[in-house]
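Each chain gets a letter, A, B and so on, in the order the sequences are listed, and its residues count up from 1. Just so it is clear, the structure is predicted and the values come from calculations on it, not from any experiment.
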Number of protein chains: 2
Amino acid sequence: MAYIYDIYEENCPTRQVLDRLADKWALLILDRVKHGPMRFNHLKRDIRGISQKALSQTLKKLERDGLVSRTVHPTIPVTVEYALTPLGATLKETVAAIAHWAERHMEAVLDAQKAYDGAGGER
Amino acid sequence: MAYIYDIYEENCPTRQVLDRLADKWALLILDRVKHGPMRFNHLKRDIRGISQKALSQTLKKLERDGLVSRTVHPTIPVTVEYALTPLGATLKETVAAIAHWAERHMEAVLDAQKAYDGAGGER
DNA sequence: CCGCATCCATCTCGATACTG
DNA sequence: CAGTATCGAGATGGATGCGG
């Protein structure tokens, strides 16, 4: 299987996109938002362990990449909703595939880690 | 679609696996290695921009996770080959899906970035 | 050829505090 | 509610030199 672009080349545009996806928080946010719009603090509450800063930064990147939309409702106080854009929606299946792989093979990975650490890691 | 584990929970084992995959170099290495065993310096040459340190570290993580195998051939000088394990092979399709999404939608992302930067980014 | 050790610049991240 | 600003700590990355 060949690529149109050489993804092993530096500065390959595909790599830049790959870099964005290769982000722990980005994947979780995309997965969390795929069922419908969500507010900032709702995301922050749901995605345990993410700091406000990381959430803010990651959302901004995703917005810049056109994957997530940001809608401000002029209520008092303001509410801001984040949702998948049509472009972002095309990622749904891929993100789900990653998450499900992680689920299915998590135990095997954990076992491999144990075996590895037990074999050569101890001193 | 529900998950067996709550991937939004901290310390969820699935998240740990996700974190490993959410790595720029890991994805590139897995993709590069999926057609057969490769030597260390071959990988280093092919994956432009990766430092020896990053390659070495990422390979070790992948080996620990049981995704990549490391085989030392006692030649002089030694040659070391890295290959997908059976577990790693189950990731082939998923990694390919990510890479192909990046390829297909790269232009849209680049356009979105341009629009975003042009609209509110300039000062 | 493979890869670890070290040094050092850089960056990222989390916690905290403050604004519209 | 939804962020931005700031700061210090820790992780990360590249460059270099050495050893098996």
Donor-acceptor pairs are to be reported for all side-chain atoms of residues 77-84 of chain A against protein atoms at under 3.5 Å, with residues two or more places apart or in another chain.
residue, atom, partner, partner atom, Å
A:Glu81, OE1, A:His73, NE2, 3.2
A:Tyr82, OH, A:Arg70, NE, 3.3

Q: Kindly state which residues belonging to residues 64-73 of chain A come within less than 4.0 angstrom of DNA chain D, counting heavy atoms of the residue only, listed by number.
A: A:Arg70

Q | Value in whole Å for how far the P atom of D:dG3 lies from NZ of A:Lys60 | A | 8 Å

Q. Reading nucleotides 6-20 of chain D 5' to 3', which nucleotides get B (base under 4.0 Å from a protein heavy atom), which S (sugar-phosphate only), which -?
A. BB-----BB-----B

Q) Counting only N and O atoms by type, is there a donor-acceptor contact under 3.5 Å from the side chain of B:Thr58 to the main-chain atoms of B:Leu55? A) no

Q) B:Ser56 side chain to B:Gln52 main-chain N or O, any donor-acceptor pair under 3.5 Å? A) no

Q) Do the side chains of A:Thr94 and B:His100 get nearer than 4.5 Å, heavy atoms only? A) no

Q: Kindly compute the distance separating CD1 (B:Ile29) from CE (B:Met38), expressed to the nearest 0.5 Å.
A: 10.5 Å

Q | All side-chain hydrogen bond (donor to acceptor under 3.5 Å, both in side chains) counterparts of B:Arg45, not counting sequence neighbours | A | none

Q: For B:Ala102, check side-chain contact (heavy atoms from CB on, under 4.5 Å) against everything at least two apart and list the hits.
A: A:Thr14, A:Val17, A:Leu18

Q.
Under 4.0 Å from a heavy atom of chain A: give me the 5'-most and 3'-most nucleotides of DNA chain C that qualify.
A. C:dC13 to C:dA17

Q: Report yes if a side-chain nitrogen or oxygen of A:Tyr82 is closer than 4.0 Å to either non-bridging phosphate oxygen (OP1 or OP2) of D:dG3; otherwise report no.
A: yes

Q: List in chain and number order the residues that pass side-chain hydrogen bond (donor to acceptor under 3.5 Å, both in side chains) with B:Gln113, two or more places apart in sequence or in another chain; answer none if no residue qualifies.
A: A:Asp65

Q: Just call it for B:Lys44: base, sugar-phosphate, or nothing, with non-hydrogen atoms closer than 4.0 Å on any strand.
A: nothing

Q.
So, using side-chain hydrogen bond (donor to acceptor under 3.5 Å, both in side chains) as the criterion, who are the partners of A:Glu107 when residues are at least two apart?
A. none

(Q) Just to verify, what does A:Lys24 make a salt bridge (charged side-chain N to carboxylate O under 4.0 Å, His left out) with, not counting sequence neighbours? (A) B:Asp19

Q. With B:Arg48, which residues qualify under salt bridge (charged side-chain N to carboxylate O under 4.0 Å, His left out), at least two apart?
A. A:Glu9

(Q) Checking A:Asp23 now: which residues fulfil side-chain hydrogen bond (donor to acceptor under 3.5 Å, both in side chains) with it, not counting sequence neighbours? (A) none

Q. Any stems for DNA chain C, made of 3 or more Watson-Crick or G-U pairs in a row, each with both distances under 3.5 Å?
A. C:3-20 with D:1-18

Q: To the nearest Å, give me how far apart CG (A:Leu55) and P (D:dG3) are.
A: 8 Å

Q: Say whether, by atom type as modelled, one donor and one acceptor occur between the side chain of B:Thr85 and the main chain of B:Leu67 under 3.5 angstrom.
A: yes

